[in-house]
Amino acid sequence: MKIYKSAAEAAEILKRGKFDDAEKAAAVRKIVADVREKGDEALFSYCEKFDNSKLNAQTVCVSEAEFAAAYAQVGEEFLSSLRKAAKNVYEYHCRGARSQDIRTERGRTTGFVLRAVERAGIYVPGGTAPLSSSVLMGVLPAKAAGVEHIYVCTPAKDGKVEPAILVAAKECGAEKVFKTGGAQAIAALAYGTESIPKVDVIAGPGNIYVTLAKKEVYGAVGLDMLAGPSEILILADNKQNPAFVAADVLSQAEHDKMARALLIVDDAAFAEKVSAEVTRQLAQLPRKEIAEYACENAGGIILVKDMEEGVRLANEIAPEHLEIATENCEELLPRIRNAGAVFLGSWTPEPVGDYFAGPDHTLPTGGSARFFEVLSEDVFLRKMSVIRYTREAVMEDGADIVRLAESEHLNAHANAVRVRMQEKGCAAGARREDK
C-alpha cells in the first residue's frame with residue numbers, strides 16, 4: 001500500500017470518491033423517463049437487458065414459495081445471527097422514533113407531532129456480494145418509524161434473488177420484495193408502475209446508476225442521501241497492532257474497485273509495518289483483485305506530523321467510516337465534526353457497525369458527511385406543526401400580526417386576523433374559547 005509523506009502529496013487520491021458522470025447520467029435519465037412513461041413495459045425490458053431476468057406482473061414480486069426456498073437454503077446458524085442483529089438494529093432505531101412536543105402557554109398551543117410516511121421503498125444492492133445486512137439497515141429504521149408499507153427492490157440474476165436477502169426481508173417485515181434493481185427500480189418506486197407501488201421515500205445504497213437515478217427523481221419522492229462508493233479512513237497511532245489496522249483497511253477495500261481505503265498515521269515506521277501487513281493479508285483474500293485495485297487506485301497511507309493534523313485532515317475528508325484507533329480516542333472524538341459513523345478504539349472494527357451493533361450502516365460518502373447524515377428513522381418521519389390560539393391570544397398578538405402582514409403588502413393575510421379582532425364581543429373579551 002502506497003505511503004504518502006504528506007497530505008499535499010496525497011492530494012490526488014483525496015479528490016476521489018465523487019459519483020457524477022455525464023454519460024451515465026444521460027443513460028439514467030433515459031431509463032427513468034422510459035419507466036415513468038411506460039411503466040411495467042419499460043421496467044421488465046430493462047430487467048431483461050441488465051439482469052437477464054425475464055419478468056412479468058406475476059413474477060416480479062417474490063412469491064411465498066420463493067421465500068420458503070430461501071429459508072431452506074440459508075441454514076439455522078445464519079438465521080440465528082441475522083435475528084440477533086435485527087433485534088439490535090430495530091431496538092436502536094426505536095430509541096428516538098416516537099418523540100413529539102406540544103405545549104400550551106397563555107392561550108397559545110404550539111409544537112409538532114410526528115407522522116411516518118405511508119410507503120417506503122428500500123433499495124438493496126446486488127452486485128458482487130449478497131448484502132443481507134443492507135436489508136436490515138434499510139427496512140428496520142422504516143419499521144421503527146411506523147411506516148405502514150415497506151417495499152424492497154433488489155436485482156435478480158436470471159430471475160432469482162439471493163436467499164439471504166429474501167430471508168432478511170421476511171424477518172424484518174418487508175411487505176413485498178420486487179425482483180428489480182438499477183435505475184429502473186428507483187424510477188419504478190418514485191413514479192409507480194402497474195406492478196410496483198409509488199412510494200413516498202426511497203432509501204438504501206447502490207451503484208452510480210442507482211445514485212444518479214435517485215438524484216433524477218428527487219422532488220417526486222423523498223430520499224435518504226446520495227451515496228457513492230464505500231470508504232474508510234483510519235486514524236491510528238503507533239501503539240496499535242498493525243495486523244488489526246491492515247485488516248480494517250481491507251474491510252472496505254474489498255467492497256468494489258471504486259472503494260476508498262485511507263490510513264492516517266504520525267509514525268513512518270508504523271506506516272511501513274501496516275503496508276507490509278496489507279500486502280500479506282491481501283494474498284489470502286478471495287476478493288483480492290477487487291481489494292488490491294481499490295488500495296492502489298483510491299487508497300493509501302498518509303503521514304502527518306501529529307494527530308491534531310490528522311483530525312483536521314479527517315474533518316476535511318468527511319469520510320463515510322472513521323475509525324479512531326488511538327490510545328486517546330475519547331479525547332479526539334469531540335474534535336470530529338464530519339463523518340458518517342465513528343468507531344472508537346482498537347476493538348471496534350468497522351464490520352461491528354456494518355452488521356451487529358445497532359446504528360445504521362447506510363452512511364454519506366464522498367465528503368457528503370458535511371451535510372448528509374446516517375440513515376435513521378428520521379428519514380421516514382415528518383414533523384407536522386400544530387398551532388392553536390384562543391380568542392384572548394389573538395387579541396393580544398393580533399395587532400402585531402396585522403402589522404407584519406401589511407408590511408409585506410399581503411392584505412388578505414392581515415384581514416384574516418383583523419376580522420376576528422373586530423368580531424362583536426371579541427374586542428371586549430365578552431366570549432371565551434376553551435383554552
Side-chain angles (χ1 to χ4, degrees), residues 27-67 70 116-127 131 134-135 138-143 145 147-162 165-166 168-170 172-207 209-224 362 379-380:
V28 164
R29 278 194 292 274
K30 183 179 187 311
I31 293 170
V32 170
D34 284 349
V35 173
R36 183 178 187 181
E37 180 182 346
K38 301 175 184 176
D40 276 356
E41 178 188 347
L43 176 68
F44 299 151
S45 175
Y46 284 118
C47 287
E48 183 171 3
K49 178 179 179 180
F50 296 127
D51 298 331
N52 196 34
S53 293
K54 295 184 178 180
L55 301 173
N56 56 42
Q58 287 70 48
T59 59
V60 68
C61 184
V62 174
S63 67
E64 288 302 316
E66 289 173 296
F67 277 116
V117 299
E118 187 176 352
R119 295 181 175 86
I122 307 302
Y123 187 85
V124 177
L131 301 179
S134 290
V135 179
V139 172
L140 293 176
K143 183 178 179 181
V147 178
E148 184 176 356
H149 304 287
I150 305 172
Y151 309 116
V152 169
C153 278
T154 190
K157 295 299 180 185
D158 300 319
K160 296 181 179 179
V161 177
E162 285 282 349
I165 289 178
L166 291 186
K170 178 67 78 172
C172 290
E175 183 175 329
K176 292 182 179 179
V177 177
F178 295 103
K179 295 178 277 187
T180 177
Q184 62 271 23
I186 299 301
L189 289 169
Y191 300 113
T193 74
E194 297 87 338
S195 299
I196 297 180
K198 171 180 168 54
V199 300
D200 304 305
V201 170
I202 298 174
N207 63 18
Y209 293 99
V210 170
T211 299
L212 289 171
K214 288 170 76 174
K215 189 176 181 181
E216 187 73 16
V217 302
Y218 180 64
V221 67
L223 300 178
D224 54 347
T362 304
V379 169
F380 306 99

Contact between Val199 and Val221 at the side-chain level, heavy atoms closer than 4.5 Å - yes or no? yes

Partners passing side-chain contact (heavy atoms from CB on, under 4.5 Å) against Val379 (at least two apart in sequence or in another chain): Val201, Asp224, Leu375

List in chain and number order the residues that pass side-chain contact (heavy atoms from CB on, under 4.5 Å) with Val28, two or more places apart in sequence or in another chain; answer none if no residue qualifies. Val32, Ala183, Tyr209, Leu212, Ala213

For a 4.5 angstrom cut-off between non-hydrogen side-chain atoms, does Thr154 reach Val177? yes

Once rounded to the nearest 0.5 Å, what's the spacing between atom NZ of Lys179 and atom CG of Leu55? 6.0 Å

Using side-chain hydrogen bond (donor to acceptor under 3.5 Å, both in side chains) as the criterion, list what pairs up with Glu118, not counting sequence neighbours. none

Decide side-chain contact (heavy atoms from CB on, under 4.5 Å) for Tyr123 and Ser134; before the verdict, give the C-alpha distance in whole Å, the side-chain angles of both, and the deciding distance to 0.1 Å. CA-CA 8 Å; Tyr123 187 85; Ser134 290; over 6 Å; no

Heavy-atom nearest pair, Cys153 first then Ala185, reads CB-CB, 4.0 Å

Sequence neighbours excluded - salt bridge (charged side-chain N to carboxylate O under 4.0 Å, His left out) pairs with any residue from residues 34-57: Lys30-Asp34, Asp51-Lys157

Nearest atoms (heavy-atom pairs only) where Ala174 meets Val152: CB-CG2, 3.9 Å

Shortest non-hydrogen contact between Ala220 and Tyr191, atoms and distance: CB-CE2, 3.6 Å

Going by heavy atoms in the side chains, are Pro197 and Tyr151 under 4.5 Å from each other? yes

Is Lys143 close to Ile150 at the side-chain level, that is, under 4.5 Å between some pair of heavy atoms? yes

Scan for side chain to side chain donor-acceptor pair (under 3.5 Å) pairs involving residues 56-65, sequence neighbours excluded, and state none if there are none. Asn56-Thr59, Ser63-Glu66, Glu64-Lys170

Set of residues satisfying ring pair (Phe, Tyr, Trp, His ring centres under 6.0 Å) with respect to Tyr46, sequence neighbours excluded: Phe50

List the atom of Leu43, the atom of Thr193, and the distance in Å for their closest heavy-atom pair. CD2-OG1, 4.3 Å

Would you find a donor on one side and an acceptor on the other, under 3.5 Å apart, between the side chain of Ser53 and the backbone of Ala156? yes

Distance col, row Ile202:CD1 vs Arg119:CZ, nearest 0.5 angstrom, shows 13.5 Å

Atom of Phe380, atom of Ala203 and distance for their closest heavy-atom approach: CZ-CB, 3.8 Å

Measuring from Asp200:CG to Leu189:CG, what's the distance to the nearest 0.5 Å? 11.0 Å

Which atom names give the shortest non-hydrogen contact between Pro155 and Pro125, and what distance separates them? CD-C, 4.0 Å

Using a 4.5 Å cut-off on heavy atoms from C-beta on, say whether the side chain of Val62 contacts that of Phe67. yes

